[in-house]
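Report on one structure; see the data block that follows.
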Number of protein chains: 2
Amino acid sequence: MQNDDLVDPSQKAAIKRKRSDAVADRIRRHIFQAGLKPSDRLPQEPQLIDMFGCSRSTIREALKSLEVQGLVQNSTGPAGGARVASVSPARTIGLLSNYFYFHPINIVQIYQIRRLTEPELAASVVGHLRDSHFAALERTIEEQHEHPTDAAGWAHHRKVEVEFHEILIEACPNPLLGLMCRFVNEAINWTIGTVGDNELSWAFSCANIDYHRRLIDAFRSGDAERAREVMHEHVLSAESFLLRPNEPQQPVFAEPLQLD
Amino acid sequence: MQNDDLVDPSQKAAIKRKRSDAVADRIRRHIFQAGLKPSDRLPQEPQLIDMFGCSRSTIREALKSLEVQGLVQNSTGPAGGARVASVSPARTIGLLSNYFYFHPINIVQIYQIRRLTEPELAASVVGHLRDSHFAALERTIEEQHEHPTDAAGWAHHRKVEVEFHEILIEACPNPLLGLMCRFVNEAINWTIGTVGDNELSWAFSCANIDYHRRLIDAFRSGDAERAREVMHEHVLSAESFLLRPNEPQQPVFAEPLQLD
DNA sequence: TAGTATTTGTACGTATGTATA
DNA sequence: TTATACATACGTACAAATACT
């Protein structure tokens, strides 16, 4: 029995853990230590059953745990089974959002963070934007020029505005900064989506277009500090349009985010 | 059959999901919408089997999913079963750390974030520190005065230094800011722990003590901007002691964090 | 297009472990 | 100590999805 492998010698009088958790932890450790890459295959269930000397349900619970963490994906059929997956930003943010049900946060507090992260994002992408990025950025500006007429048009408009920032996140060399910006964007989207106040003023849109233009300009001249400053103004401007600081703020992510 | 309850009418031609995921999602949604609080009980397994019209293994996989997410905790015995749990910071950070195995981040990039978050943390706690907080802060300074002699002493010293910042996090009214600071601290701890360079210079410690003193002073006078500035200096100072920017940096969280 | 083999997903029955009274 | 109520673990059987012929 390879059952003994489960016992971690480092914790002598080990706390009582569930078997499936121990197995999940061992597999996770193996993924990290063996340097497995996305789409690398894990052994199939019968082999894992053999390796760990436990039942199928235990193995399946362990794989479920890893699946929820976003570390593996399962598929059926021939050549199926568990494969290592790159933990996606969407999943990470989904898991993160759970935290804020029990530790409520409102949109004013989100903007307190956005004032920090977005300017740094703007500064950090300088020198990392390729032609394809610039092309994509310009494209969002083109699309924003059309003055929406109906609700669907405004929704699309909003989406394009957010896209500008997502392109920057793509180019950001610091993955933690990128993730924080993604989370903040998601929080803002969520708020706008639930408040249903989709028809923001055209003046707001015009201001945004102008800021985006000035940002591209700073990016092109390779001026990180100017990019930072313009983005700072941009965030403050958006804040003044979107926030009603005196109104009571409802918690962000009061409803759960989809995990896939 | 209450099986129909599983079908979300909003997504007409719903994508094919696993039953257990659908059940997990429904339970999660229920927790949020019903406003359940930590330690509130969920129905027991037989009742859930009945409610969702599916088998025990499906229900157990769903509960496992929620457990991994940190939303519920299971217990055996009479009056046992699944109870709602407040998603802990430790679990959130553990799940978050998985992301960075596939999107590597080094300590220089961590400090890029720390320069943003810690000063904001210092400013944000002004007016939120109670006597107990001040007492705890002063206590860490007392403990830091002893010049460590052995490795264990230095480890303790480090721990106390970090504790100062954790007390601030406790008092921070913005949960996202608090979480980010926690994550950054964890990353720094991890790095110091693995590098094994536990014996940092005494000059570094003395500088830290001085900064901490000046921070407490700013907190007492209710001067948020001064607190921000002092903390900014503090972070830059620590950076200059800890970082060797020209050396190749190994990725942070190359080994997985414990989830409990 | 249909058929078949492979592998996970779901179901059910039973036994074991554990915490409470 | 015993009984009870609950989760945890195991084993087998079958359904469903996928890839390949």
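Residue numbering restarts at 1 for every chain, and letters A, B, ... go by the order of the sequence lines.
Here C:dT7 presents its P atom at 15 Å from CG of A:Leu42, a figure rounded to the nearest Å. Separating the NZ atom of A:Lys64 from the C1' atom of C:dT10 is a distance of 12 Å, rounded to the nearest angstrom. Separating the CZ atom of A:Arg41 from the P atom of C:dT6 is a distance of 13 Å, rounded to the nearest angstrom. Put simply, CD1 on A:Ile49 is 13 Å from C1' on C:dG9, counting in whole angstrom units.
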Check residues 80-87 of chain B and write down every donor-acceptor pair under 3.5 Å in which the side-chain atom is one partner and the other belongs to a residue at least two apart or another chain.
from: B:Arg83; atom 1: NH1; to: B:Ser39; atom 2: O; distance (Å): 2.9
from: B:Arg83; atom 1: NH2; to: B:Ala79; atom 2: O; distance (Å): 3.4

Side-chain donor-acceptor contacts of residues 165-175 of chain A below 3.5 Å, not counting sequence neighbours, with atom names and distances?
from: A:His165; atom 1: ND1; to: A:Glu118; atom 2: OE1; distance (Å): 3.1
from: A:His165; atom 1: NE2; to: A:His234; atom 2: NE2; distance (Å): 3.4
from: A:Glu170; atom 1: OE2; to: A:Arg182; atom 2: NH2; distance (Å): 3.1
from: A:Asn174; atom 1: OD1; to: A:Leu176; atom 2: N; distance (Å): 3.0
from: A:Asn174; atom 1: OD1; to: A:Leu177; atom 2: N; distance (Å): 3.3
from: A:Asn174; atom 1: ND2; to: B:Gln109; atom 2: O; distance (Å): 3.0
from: A:Asn174; atom 1: ND2; to: B:Gln112; atom 2: OE1; distance (Å): 2.8

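A:Glu67 contributes atom CD, which lies 4.5 Å from atom NZ of A:Lys64 (distance to the nearest 0.5 angstrom).
When the ring pair (Phe, Tyr, Trp, His ring centres under 6.0 Å) test is applied to A:His156, no partner is found at least two apart in sequence or on another chain. Residues satisfying the ring pair (Phe, Tyr, Trp, His ring centres under 6.0 Å) test with A:His157, not counting sequence neighbours, are A:Trp154, A:Trp202.
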* Base-contact (B) and sugar-phosphate-only (S) positions in nucleotides 7-17 of chain D, heavy-atom cut-off under 4.0 Å, - elsewhere -> BBSB--B---B
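Among residues at least two apart or in separate chains, there is no salt bridge (charged side-chain N to carboxylate O under 4.0 Å, His left out) pair with a member in residues 71-80 of chain B.
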